[in-house]
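Below is one structure, written out as structure tokens, with a few remarks after it.
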2 protein chains.
Amino acid sequence: MNHKGTSASIIKAAEILFAEQGFAETTVRQITSKADVNLAAINYHFGSKKGLIQAVAEKFLTPLCTELTSMLEHRNLSTDAGQVTLDELLEILMRTLLVVNHDNVNALAVFMRLLELSYMQNQEELRGFLISRYQDTLQPFIQLLRADAAPMEDDEFFWRLHFCLGSITFTLSNFQTLHGIEKREFDSGAEVERILHRMIPVLSAGLQARTDKTYFCRV
Amino acid sequence: MNHKGTSASIIKAAEILFAEQGFAETTVRQITSKADVNLAAINYHFGSKKGLIQAVAEKFLTPLCTELTSMLEHRNLSTDAGQVTLDELLEILMRTLLVVNHDNVNALAVFMRLLELSYMQNQEELRGFLISRYQDTLQPFIQLLRADAAPMEDDEFFWRLHFCLGSITFTLSNFQTLHGIEKREFDSGAEVERILHRMIPVLSAGLQARTDKTYFCRV
DNA sequence: CCAAGCTCCAAACTAGCGTTTAAAACAGAT
DNA sequence: ATCTGTTTTAAACGCTAGTTTGGAGCTTGG
């Protein structure tokens with residue numbers, strides 16, 4: 001049983017620190033210190049810091065992936081399965097994120113930081129990995145989103161999708177800071193649910209907004 | 001004339017690298033190498049890497065600040081100055097960003113990275129600096145936004161504002177990557193204008209969306 | 001009981017970071 | 001031409017990052 005004791009406490013500490021500070025900003029000495037294990041433990045159990053990041057990442061990727069799929073299937077099997085609305089789809093997405101966050105309050109922030117990182121240049125490797133892992137699960141969901149969004153060209157939908165992604169990743173990555181700005185007290189667990197809920201009508205309206213063909217004149 | 005030659009080429013190289021990679025990920029050796037100057041030049045001319053970051057930052061902060069103010073004043077002095085619409089306000093914001101980007105195509109990405117950084121924990125200093133520098137200019141603009149947004153509580157507006165900020169910072173920080181995903185060819189200069197324009201109806205609809213009081217049930 | 005095999009540990013190692021230094025090169029004024 | 005102050009240079013410095021190492025400690029099967 002002490003087999004996984006060290007590994008587990010390393011992952012636990014890493015989750016918290018990664019969520020708070022990001023991957024690059026967190027040092028292995030911080031992690032091993034917080035986990036109260038030897039400095040060399042990370043390299044022994046995970047090979048490298050990169051290996052630890054992957055271990056932490058994969059711990060959340062699979063549940064999130066399967067959760068979204070099952071939520072979508074459950075909705076489709078429902079008897080009153082009319083055309084699914086945009087708000088319903090977004091609620092499913094938010095509920096999925098919330099479920100992942102339920103087991104571990106740092107899961108969301110870590111996942112969002114991973115997403116942000118994947119959109120940086122010089123990270124084609126991570127981007128490719130996430131795409132190969134997620135696109136089969138995400139593509140049907142995205143197509144449903146598109147079906148309920150305002151009719152628009154491919155490129156317009158591409159950018160609107162990333163506007164939404166920006167809202168989500170920015171808000172959840174910086175949730176601790178934002179929550180600290182807005183309120184003093186810390187009941188961050190329940191607050192996440194409220195924020196995710198707040199997003200639904202906003203993102204829904206953004207995706208359904210008219211597609212404006214008029215160009216604003218240059219300065 | 002050779003006075004500012006070294007400083008200028010350092011700043012020029014730094015802008016590009018900061019925009020591409022971010023501040024922490026860019027090393028002084030990368031910068032001095034790209035600028036083709038001696039390694040010690042940054043410390044000689046700017047005191048430190050932090051000093052260089054501030055120099056690069058301030059080069060964009062002042063123009064952006066004054067530009068937004070003048071745009072707002074110009075709008076208010078207009079003869080047909082009815083109640084300004086939300087789309088108008090957002091267009092003013094986007095035009096402001098575009099003007100800043102006009103002189104230097106890396107200005108926007110650098111500025112957005114600065115914003116993102118300021119929302120990280122352990123960056124209260126930068127956050128405080130930006131607030132003290134911007135809030136006088138931004139507060140009137142934000143109040144105009146709020147007047148045109150759907151009626152809502154303070155906290156709801158706070159979060160919606162940051163949803164918008166997330167869309168903008170994410171899109172512009174990762175513009176190079178996103179643009180590379182969507183299209184092969186690189187005419188990124190003109191494309192920025194198109195993206196900023198695409199945002200207007202989306203953000204507008206998001207801010208004007210109904211405020212949903214119903215809560216989605218817990219899982 | 002004891003060899004075998006994990007696991008843990010203190011310490012050292014390599015590499016890269018931002019920075020400092022002191023001398024050389026240069027500029028303009030006297 | 002020389003002195004003065006500024007700029008550039010090559011080299012080294014101190015520090016911290018992630019990683020490696022060799023041996024000590026422990027558990028387990030023969």
Salt bridge (charged side-chain N to carboxylate O under 4.0 Å, His left out) pairs touching residues 17-29 of chain B, sequence neighbours excluded, are none
Requested in this report: Provide the full list of salt bridge (charged side-chain N to carboxylate O under 4.0 Å, His left out) pairs with a residue in residues 157-178 of chain B, sequence neighbours left out, each pair given once.
Outcome: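 Sorted pair list: B/E156-B/R160.
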Quick one: list whatever passes side-chain contact (heavy atoms from CB on, under 4.5 Å) with [X], sequence neighbours left out.
{"X": "A/V28", "value": "A/L39, A/I42, A/K49"}
{"X": "B/Y44", "value": "none"}
{"X": "B/E15", "value": "B/I11, B/V56, B/K59, B/F60, B/N104, B/N106"}

Output side-chain donor-acceptor pairs under 3.5 Å for residues 61-69 of chain B, partner residues at least two apart or in another chain, one line each.
unit_1 : atom_1 : unit_2 : atom_2 : d
B/T62  : OG1    : B/R133 : NH2    : 2.9
B/T66  : OG1    : B/T62  : O      : 3.2
B/T66  : OG1    : B/P63  : O      : 3.0
B/T69  : OG1    : B/C65  : O      : 2.9

Side-chain N or O of B/T6 versus OP1/OP2 of D/dT7: is the shortest distance under 4.0 Å? no
Just N and O in the side chain of A/H45: are any of them under 4.0 Å from OP1 or OP2 of C/dC8?
yes
Notebook entry, point to check: A/D36 has an atom CG; how far is it from atom P of C/dA10, in whole Å?
Noted result: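 So the two atoms are 11 Å apart, to the nearest Å.
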Its contact letters, B for base, S for sugar-phosphate only and - for none at protein heavy atoms under 4.0 Å, make nucleotides 14-21 of chain C read ---BBBBB
A correct dot-bracket answer for DNA chain C, with pairs being Watson-Crick or G-U at under 3.5 Å, [ ] for crossing pairs and | for inter-strand pairs, is |.||||||||||||||||||||||||||||
Residue pairs passing the side chain to side chain donor-acceptor pair (under 3.5 Å) test with at least one member in residues 120-130 of chain A, sequence neighbours excluded, are none
